[in-house]
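Note that the coordinates shown come from a computational prediction; the quantities given were computed from them, not determined experimentally. Only this structure's heavy atoms are used, side chains among them; waters, hydrogens and symmetry mates stay out.
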Amino acid sequence: MALVTGGGTGIGRATALDLAAAGAGVVICGRRAGPLEETRQAVAELGGSCLAVPADIRQEEQVTEVVSRALETYGRIDVLVNNAGGQFSAPAEEISPKGWRAVHRLSVDAAWAVTREVARRAMIPQRSGVVFFIAFSPRRGIPGFAHAAAARAAVENLAAGLSQEWSRYGIRSVCVAPGTIATEGLAENYPEADLRSWERSVPLGRFGRPEDISGVIAFLASSAASYVTGTTVVVDGGADAWGAGHPAPMRVEPPRSCEDANEAP
């Protein structure tokens, strides 16, 4: 049985479908009931079993409810995919404390709340399971996303740390780092010029598809990957290996003198 956060759209939806196709019962959660129901119906059309639970995992009591309903329905949780997250593009100096906290609250704090609840109530007692975290490629930082890249670096480190602590319970912990994935929100939230620039920096010459990530997760969740833990699997068409793919940003020179700094523009 698999629990997928943010399971109504994008990578989460594709992951739910792939895991269901592999024979897993699936529980999906997210804040919007409509997309969750669409995914549930898609799983049903595959002949699979899916429970959709609208929830805001930033609220601890709703995390408890999601896990309770999963256990009531399936009796165990074998796979947890911490897919839910969110970010926005902004120069680092313009990211407010509120904006910083909003991104980290979902990508880090909520992911940890779900992971802890699932581990304590399901995976540790049953002495088995695999936990997935979603990071970013490139892993060295992304201009305009200092807050989000820092959050994803945190969960990458968390995956490694948990693999050391929870291996004694038979629990694996893996981070998957996608490149730029053509999800529903990509074209809606970012300018066309940025999209084309990002696409040109991918050696394989295209953005990833949600299925490119979900297929890897389904494999890593299977017995074929039972010796994989504590690592990050990068799925990005070669972008991380290539590098930034464009010139370094131009340096902003300081004023030539104190008098220049005080002159009116």
Side-chain angles (χ1 to χ4, degrees), residues 4-6 10-12 15 57-58 63 80-119 130-167 171-181 183 185-186 189-190 194 197-198 201-203 207-208 210 212-214 216-217 220 228-246 248-249:
V4 182
T5 68
I11 293 172
T15 299
I57 60 171
R58 297 172 299 181
V63 169
L80 169 61
V81 182
N82 286 299
N83 168 73
Q87 56 275 328
F88 57 90
S89 177
E93 65 274 17
E94 295 181 11
I95 299 170
S96 68
K98 181 179 179 180
W100 178 277
R101 287 193 298 270
V103 168
H104 282 247
R105 186 182 178 198
L106 180 57
S107 297
V108 182
D109 297 349
W112 171 241
V114 177
T115 298
R116 181 179 183 274
E117 189 81 2
V118 168
V130 56
V131 180
F132 291 97
F133 297 93
I134 306 297
F136 279 160
S137 167
R139 298 161 66 195
R140 61 192 167 275
I142 306 172
F145 293 91
H147 51 339
R152 301 299 183 157
V155 297
E156 180 178 11
N157 190 276
L158 178 58
L162 292 180
S163 74
Q164 306 303 301
E165 290 201 46
W166 289 353
S167 60
I171 299 172
R172 295 189 290 122
S173 178
V174 181
C175 184
V176 175
T180 304
I181 307 301
T183 60
L186 189 66
N189 294 313
Y190 302 104
D194 287 349
S197 174
W198 296 341
S201 70
V202 180
F207 288 146
D212 292 323
I213 309 305
S214 62
V216 172
I217 292 173
L220 291 170
V228 179
T229 191
T231 192
T232 297
V233 178
V234 179
V235 189
D236 68 355
D240 193 55
W242 171 251
H246 49 72

Test side chain to side chain contact (heavy atoms under 4.5 Å, CB included) applied to Val155 - qualifying residues, sequence neighbours left out: Val108, Phe133

Ignoring hydrogens, what is the shortest heavy-atom contact between Pro178 and Asp236? Give both atom names and the distance. C-CB, 4.4 Å

On a heavy-atom basis, the closest approach of Val63 and Ala113 is CG1-O, 3.8 Å

Any idea which heavy atoms bring Gly141 and Ala149 closest together, and the distance? CA-CB, 4.4 Å

Non-neighbouring partners of Arg58 that pass salt bridge (Lys or Arg N to Asp or Glu O under 4.0 Å), sequence neighbours left out: Asp56

Return the set of residues passing side-chain hydrogen bond (donor to acceptor under 3.5 Å, both in side chains) with Thr5 (not counting sequence neighbours), or none when no residue passes. none

Can you tell me if His147 uses its side chain to pair, donor with acceptor, with the backbone of Ser96 under 3.5 Å? no

Out of curiosity, Arg116 CZ to Leu162 CG, how far, rounded to the nearest 0.5 Å? 12.0 Å

Candidates Ile134, Val174, Val233 - the one meeting side chain to side chain contact (heavy atoms under 4.5 Å, CB included) with Ile217: Ile134

Salt bridge (Lys or Arg N to Asp or Glu O under 4.0 Å): which pairs involve residues 142-162, sequence neighbours left out? Arg139-Glu156

How long is the gap from CZ on Phe136 to CD1 on Ile142, to the nearest 0.5 Å? 5.5 Å

With rounding to the nearest 0.5 angstrom, report the CD1 to CG distance, Ile171 to Leu80. 10.5 Å

Can you list the residues that meet the side-chain hydrogen bond (donor to acceptor under 3.5 Å, both in side chains) rule with Asn83, with sequence neighbours excluded? none

For Ala92, check side chain to side chain contact (heavy atoms under 4.5 Å, CB included) against everything at least two apart and list the hits. Ala146

What pairs with Ser167 under side chain to side chain contact (heavy atoms under 4.5 Å, CB included), at least two apart in sequence or on another chain? none

Across all chains, not counting sequence neighbours, the side chain to side chain contact (heavy atoms under 4.5 Å, CB included) partners of Asp212 are Arg206, Arg209

Indicate the atoms forming the closest heavy-atom contact of Ser201 with Pro203, along with that distance. O-CD, 3.4 Å

Distance, nearest 0.5 Å, that separates OG1 of Thr15 from CD1 of Ile213: 8.5 Å

Compare every heavy atom of Gly12 with every heavy atom of Val4, then report the nearest pair and how far apart it is. CG1-O, 3.7 Å

Closest contact, heavy atoms only, Gly10 versus Pro210: O-CB, 3.7 Å

With sequence neighbours excluded, give me every side-chain hydrogen bond (donor to acceptor under 3.5 Å, both in side chains) pair touching residues 103-115. Asn82-Thr115

Output for pair (Leu158 CG, Ser173 OG), nearest 0.5 Å, gives 6.5 Å

